[in-house]
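The next block holds one structure in the form of structure tokens; read it before the comments.
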Amino acid sequence: MAALSTIPLNSLLSSSSASTTPAAPTSHSAQGRRPATVLVPVQLKETRWPPHPFPASPFSLLLKCHSLRELRQIHAAVVKSGLQDDPPTLTKLITFCSLHPTPSTMLYAQQLFDRIHHLDDALLFNTMARGYARTPTPKRALSLFIDMLERGVSPDDYSFPTVLKACASSKALEEGRQVHAMAAKLGFHANIYVCPTLINMYAECGDVRAARCLFEQTVDRCVVSYNAMIMACARSSRPGEALALFREMQAEGIKPTDVTMLSVLSSCALLGSLELGRWIHEYIKKNGLDSYVKVNTALIDMYAKCSSLDDAVRVFGEMDTRDTQAWSAMIVAYAIHGRGDLAVNLFEEMKRDGIRPDGITFLGLLYACSHAGLVDEGLRYFHSMNSGHAIVPGIKHYGCVVDLLARAGRLQESYQFINDLPIKPTPILWRTLLSACGGHGNVDLGRRVFERIIELDDSHGGDYVIISNMYASVGRWEEMNSIRKLMKEKRAVKMPGCSSIEVDNTVHEFFSGDGKHPQSRDLHRMLDEVVQQLKPIGYVPDTSQVFHADMTEEEKEMSLRYHSEKLAVAFGLINTPPGTTLRIVKNLRVCVDCHSMAKLVSEVFNREIFLRDLNRFHHFKNGICSCSDYW
DNA sequence: ATAGGGTTAG
């Protein structure tokens, strides 16, 4: 296991001015993941798309209609004037539908499309496919493409972006590959519109390697290719690689756009690096990209995830237009910082402002309620989704409700809620309940839930750990041992804990049990000292969550000291001046012992500590945590 | 008509 991994921020930032200087590539992760296969380099060529000679139709007023009902009225008029088979008129109608794609407009478009018998160019296929690619049934765009080929109509350079978009949104990797092969055969793969869509298709289908491979082959990369690739890295949790690409594009003299900044900010949020985030915010301002609503929304998210709720609030306050997404991001920001009350207030304000909430707004709101213990409000909001806002709850909303009830100790209700769901519950849903059973010490329900989980997925080590600890805590050793045996049999492994802390523009990573860090001895000496200072004021190591039951109490206590978040805290205490705020990011949920220790450290050592968990923030200050011990 | 797009339960 890697003992230490550092990401030198300086190399990512290179300089504080907008025009960065080229430097040697530093992102070892980017280098390390460079694909082995290098095919023939392709040159990006811009093809001019001539304005399409849209055939004239007497029904040009179509462009002004906004509903299917109006469209039908116009169609009736078309029929009345005997133009129902006039190709220009049909084209116009279909184009309108595809620009406003919903299942019903597309159904209507398909009926019109089927009336046309002589299709000899790609135009109408493209138009139809464009509409389908943006509906819940993108696969239809794919079958339309195949239909086009079968009818002997050759695809043009507009056919490929459309069909690739459809592959991307339906995650059809195999089909995407075939389309790629065909584009290559017809010489469209280096087209300036096709190439970025190919990168995006591979990325969205989960094959980041293929995306990167394609990206590496293109000699003359444009902004859009860079944007697609940076987004691919950010989405697959490779922030270092994304930021390295960001620097690389600047070195190549390509000017980043608002879209670039969205991925860069999202990478920054993943890293949790506030200093880097502030630098990027400056960069955005300098380059005049701060007027985009989406960029500001990404800034809110970045600041919230880099532990500065104040900055998030400031960005939100300074926006002059705010859409649903901006409000949602701010609600989520309050929620992850444990300010359920403010999230709820903001939601009410949003409704007063006449902004329509969407599914994600409700996700943030329910999340806020469950983390703040606002059970009844949460349930009320959940029920208002269908009745008041015509939003159909999805699996994630159900997950929030399960959590809402279970976290508050209403375990039976939560169990019943999962059982009564109209859809098949996922292991994640049960897992949510299991961890709440652990927290509330309900062993019997926990066992039933555990059995439901392993029917569905027996590879998740965390589940075995929770149930085994529950047995241990009530002294049911035999059952505990059989769980541990089962875990071994199934080769289920628990993800190792990893925490990182940013000191002097460098992110330092610590893994649990990490004894190989250069400062390892200092860290442990520091932790000994911390424990010595905390014990008199009531710190009692909480060994109840230690998995290995055959350890002595002392061994358990020592094993706790190797937790990655403690190492990160110790590192921060040693390497920063007194009083400096510590900002730590952890890949799992924080354990009870580390949580209570962090509270005491914040008091005794007079430090503010922001600890970003797998799913929320803990802000320790003067001996208390912003989560009020409800997490 | 043309490519890339932020917020998302545990």
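Every chain is numbered from 1 and lettered A, B, ... according to where its sequence line falls, protein lines coming before strand lines.
For the OP1/OP2 pair of B:dG10 and a distance below 4.0 Å, the side-chain nitrogens and oxygens of A:H371 include at least one atom meeting the criterion. The side chain of A:R616 contributes no N or O atom lying less than 4.0 Å from OP1 or OP2 of B:dG10. OP1 or OP2 of B:dG5 sits under 4.0 Å from a side-chain N or O of A:N200. Between A:R431 and B:dA9 there is no side-chain polar atom (N or O) within less than 4.0 angstrom of OP1 or OP2.
With rounding to whole Å, A:M231 atom CE is found 8 Å from B:dG4 atom C1'. Rounded to an integer number of Å, the gap from CG of A:L262 to C1' of B:dG4 is 10 Å. Between the C1' atom of B:dG6 and the CE atom of A:M319 lies a distance of 10 Å, rounded to the nearest Å. Regarding A:K305, its NZ atom lies at a distance of 11 Å from the P atom of B:dG6, rounded to whole Å. Rounded to whole Å, the distance from CD1 on A:I300 to P on B:dT8 is 12 Å. Rounded to a whole Å, the CD1 atom of A:I254 is 13 Å from the C1' atom of B:dG4. In this structure, the CZ atom of A:F347 is 20 Å from the P atom of B:dT7, given to the nearest Å. Between A:I428 atom CD1 and B:dT8 atom C1' there is a gap of 13 Å when expressed in whole angstrom units.
Nearest to the side-chain atoms of A:K396 among the listed nucleotides B:dG6, B:dT8, B:dG10 stands B:dT8. In the set B:dG4, B:dG10, B:dA3, the nucleotide with an atom closest to the side chain of A:Y193 is B:dA3. Of all nucleotides listed (B:dA3, B:dG10, B:dT8), B:dA3 comes nearest to the side chain of A:T197. Picking from B:dG10, B:dA3, B:dG6 the nucleotide with the shortest atom distance to the side chain of A:V224 gives B:dA3. Considering only side-chain atoms of A:Y158, the nucleotide from B:dT2, B:dA9, B:dT7 that sits closest is B:dT2. Residue A:D301 has its side chain nearest to B:dT7 when only B:dG5, B:dT2, B:dT7 are considered. Distances from the side chain of A:S435 to the nucleotides B:dA9, B:dG5, B:dG10 place B:dG10 closest.
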| task | Given ring-ring contact (aromatic ring centres under 6.0 Å, His included), test A:F113 with A:F125 step by step and report yes or no. | result | CA-CA 9 Å; A:F113 183 78; A:F125 285 101; 5.5 Å; yes
| Stepwise ring-ring contact (aromatic ring centres under 6.0 Å, His included) check, A:F450 with A:Y464 | CA-CA 8 Å; A:F450 176 74; A:Y464 298 84; 5.5 Å; yes
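No side-chain donor-acceptor contact under 3.5 Å links A:T197 and A:N200. For the residue pair A:D310/A:S308, the side-chain donor-acceptor check at 3.5 Å is not satisfied.
Base contact: A:V259 has a heavy atom under 4.0 Å from a base atom. Contact annotation for A:R322: no contact, since no heavy-atom pair falls under 4.0 Å across all strands. Across all strands shown, A:L265 has no heavy atoms under 4.0 Å from either base or sugar-phosphate atoms. Contact annotation for A:V223: no contact, since no heavy-atom pair falls under 4.0 Å across all strands. Among the atoms of the strands shown, base atoms are found under 4.0 Å from some heavy atom of A:D323. No contact: A:D358 has no heavy atom under 4.0 Å from any strand.
The two residues A:C205 and A:C167 make their nearest non-hydrogen contact at SG-O, 3.8 Å.
Within 3.5 Å, a donor on the side chain of A:T257 pairs with an acceptor on the base of B:dG4, or the reverse.
Proximity of the aromatic rings of A:F246 and A:Y226 is defined here by a centroid distance below 6.0 angstrom, and this criterion is not met.
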